Number of protein chains: 2
Amino acid sequence: MTTSVEEAVTERAEGKPLGKRERTKINNREAILQAARDVFADLGYGATTVRDIIRRTGLASGTFYNYFRSKEEVFEALMDEGMRRIRPRLRAERIRSRTFEDFIRNALHAYFEYLASDRETFEVMRRNPNTVRVRMETAEMIAGFEEIREYMEEDIRNGTLPPVDSEYLMASVVGLAMEMGDRMIARDNVDPAAAAEFATALVLGGFHNLPVTGKAPAAPGGEEGGE
Amino acid sequence: MTTSVEEAVTERAEGKPLGKRERTKINNREAILQAARDVFADLGYGATTVRDIIRRTGLASGTFYNYFRSKEEVFEALMDEGMRRIRPRLRAERIRSRTFEDFIRNALHAYFEYLASDRETFEVMRRNPNTVRVRMETAEMIAGFEEIREYMEEDIRNGTLPPVDSEYLMASVVGLAMEMGDRMIARDNVDPAAAAEFATALVLGGFHNLPVTGKAPAAPGGEEGGE
DNA sequence: CTCAAAGTTGACGTTGATTCACTTTTGTCT
DNA sequence: AGACAAAAGTGAATCAACGTCAACTTTGAG
């Protein structure tokens with residue numbers, strides 16, 4: 001028994017029995033990615049070494065390099081994977097949305113739902129003070145953002161959206177969603193629906209339409225009753 | 001002549017002549033920070049080594065460690081410096097702003113102006129594909145964000161702002177501003193006023209009030225006049 | 001059962017991080 | 001000015017992690 005981190009994947013795609021060699025390859029790759037998720041979350045991206053990752057898999061150090069060229073490439077793979085999962089959802093929302101408003105609402109819902117479901121991956125960007133938060137502009141990421149922007153341009157062309165600066169609009173929505181997403185997953189009660197509501201209201205209607213929290217914060221001194 | 005990277009700073013604070021020792025210390029520290037800015041921008045944060053940084057200063061490798069414990073700490077210092085420059089401006093805007101709307105508008109202006117003026121520091125987060133973008137949650141950063149949030153809470157208490165989720169609101173504005181800021185400094189013509197307008201309109205009024213770009217993108221087929 | 005190809009392994013040469021004994025510079029006190 | 005102690009700088013030496021590669025094991029095909 002050399003190694004391999006046997007686990008699931010006895011599967012077969014379209015009837016192909018899928019030989020042991022290929023199974024192992026898939027499993028090893030997945031094991032490395034999973035280990036990387038764990039270690040990144042534990043130590044932070046900057047502090048983790050390739051060997052920290054590979055150690056958790058039981059594989060030999062050299063094997064790592066059969067799968068990835070570096071720690072960065074693993075990270076890239078993780079980001080890409082995330083993006084590849086979310087893009088179809090956004091595309092689906094795009095299709096079933098009739099208006100720009102609809103699309104924004106649905107897309108934000110999809111995004112926050114996804115984030116909540118795959119929380120683990122995104123804990124890479126920890127909240128620990130003095131930890132570097134990383135983000136990688138992978139090809140898949142850029143394409144994903146551009147796709148969103150493209151939708152906006154379309155809406156501008158068909159008149160659903162006034163001719164605004166689509167790059168800024170895309171960046172705004174993306175930045176807002178990502179930063180809110182970070183906060184969301186840091187909370188004890190992750191509530192993607194609430195986050196999506198909030199973001200949607202802000203983007204679509206300005207802060208006047210934001211959902212109001214239950215408790216108005218305790219009035220400091222003893223002011224007028226107000227409202 | 002051992003070293004020192006003599007440059008400016010012959011200054012004196014409040015009459016104190018400021019001995020050579022202290023001057024050198026300040027200059028060396030500044031030289032390291034400046035070198036770091038350069039190297040980070042050139043190679044990207046991940047790829048730069050402590051030696052790349054120190055090499056550009058002419059100082060000995062050991063000297064680096066008299067000033068910083070690691071590359072991360074240098075980065076932290078850069079981020080902190082940026083935050084320490086921007087915070088007083090935000091505070092000033094806060095004071096002269098009468099309403100929440102005013103504050104948002106003024107604060108966003110201040111932020112984008114600052115970013116444009118200190119472009120160099122923020123090029124750390126390059127746009128090169130497959131480069132890791134970094135951001136650090138330093139104490140100063142967190143405090144800065146919390147301060148903004150605190151302002152929002154105040155406005156909620158005094159009724160200028162409805163009782164919304166202040167963490168999310170702060171995160172939204174911060175995320176939106178940072179992401180837009182990245183795009184802004186990547187453009188050929190950096191126009192902080194325009195960026196601030198855009199962001200302000202989005203935050204305060206929803207997308208309906210966004211400034212409209214000059215050219216409406218070419219109508220695809222040959223639609224009706226619309227509007 | 002046999003063999004070649006694919007894949008794994010871990011020891012090894014490199015590179016960069018970090019330490020530290022030693023040197024130089026600076027400020028202070030006669 | 002001269003002497004001395006503290007502060008800061010220096011770079012060789014040590015150490016950790018990287019990435020490679022020759023040798024070894026497993027797999028799949030005949």
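Just so we're on the same page: letters track the sequence lines, and every chain starts at 1. Being a predicted model, the structure only gives us computed values, none of them experimental. We use all heavy atoms of the structure for the numbers below, so side chains are in, but hydrogens, waters and symmetry mates are not.
- The shortest distance between the side-chain N/O atoms of B:Asn66 and the OP1/OP2 oxygens of D:dG9 is below 4.0 Å.
- For D:dG19, the base has a donor-acceptor partner in the side chain of A:Arg51 [N/O atoms by modelled type, under 3.5 angstrom].
- We find that CG of A:Asn27 is positioned 15 Å from C1' of D:dT26, with the value rounded to whole Å.
- In this structure, A:Lys25 reaches the C:dG7 phosphate: one of its side-chain N or O atoms is under 4.0 Å from OP1 or OP2.
- Inter-residue side-chain proximity for B:Val74 and B:Phe64 is flagged as met; some heavy-atom pair is nearer than 4.5 Å.
- Rounding to whole angstrom units, NZ of residue A:Lys71 and C1' of D:dA16 are separated by 14 Å.
- Counting non-hydrogen atoms under 4.0 angstrom, A:Tyr67 reaches the backbone sugars and phosphates but no base.
- The distance between atom CZ of A:Arg21 and atom P of D:dT25, rounded to the nearest whole Å, is 15 Å.
- Residues A:Thr63 and B:Gly62 both approach DNA chain D. Their nearest nucleotides, taken by heavy-atom distance, put B:Gly62 toward the 5′ side.
- Spacing between atom CZ of B:Arg69 and atom P of C:dT18 amounts to 11 Å, rounded to whole angstrom units.
- With sequence neighbours left out, the side-chain hydrogen bond (donor to acceptor under 3.5 Å, both in side chains) criterion links A:Thr49 to A:Asp52.
- Here B:Thr49 lies in heavy-atom contact (under 4.0 Å) with sugar-phosphate atoms only.
- Between B:Val50 and B:Glu22, the one whose closest nucleotide on DNA chain C sits nearer the 5' end is B:Val50.
- Of the listed residues (B:Glu81, B:Glu146, B:Glu93, B:Glu140), just one forms a salt bridge (Lys or Arg N to Asp or Glu O under 4.0 Å) with B:Arg87, and that residue is B:Glu140.
- Taking atom NZ of residue B:Lys20 and atom P of nucleotide D:dG9, one finds them 12 Å apart after rounding to whole Å.
- Here the side chain of A:Lys71 pairs a donor or acceptor atom with the backbone of A:Tyr45 at under 3.5 angstrom.
- Computed from coordinates, the B:Ile32 CD1 to D:dA8 C1' distance equals 12 Å when rounded to whole Å.
- Residue A:Arg84 places its CZ atom among more than 12 non-hydrogen atoms of other residues, nucleotides or ligands, all under 6.0 Å distant.
- Rounded to an integer number of Å, the gap from CG of B:Asn28 to C1' of C:dT26 is 14 Å.
- Taking atom OH of residue B:Tyr65 and atom C1' of nucleotide D:dA12, one finds them 15 Å apart after rounding to whole Å.
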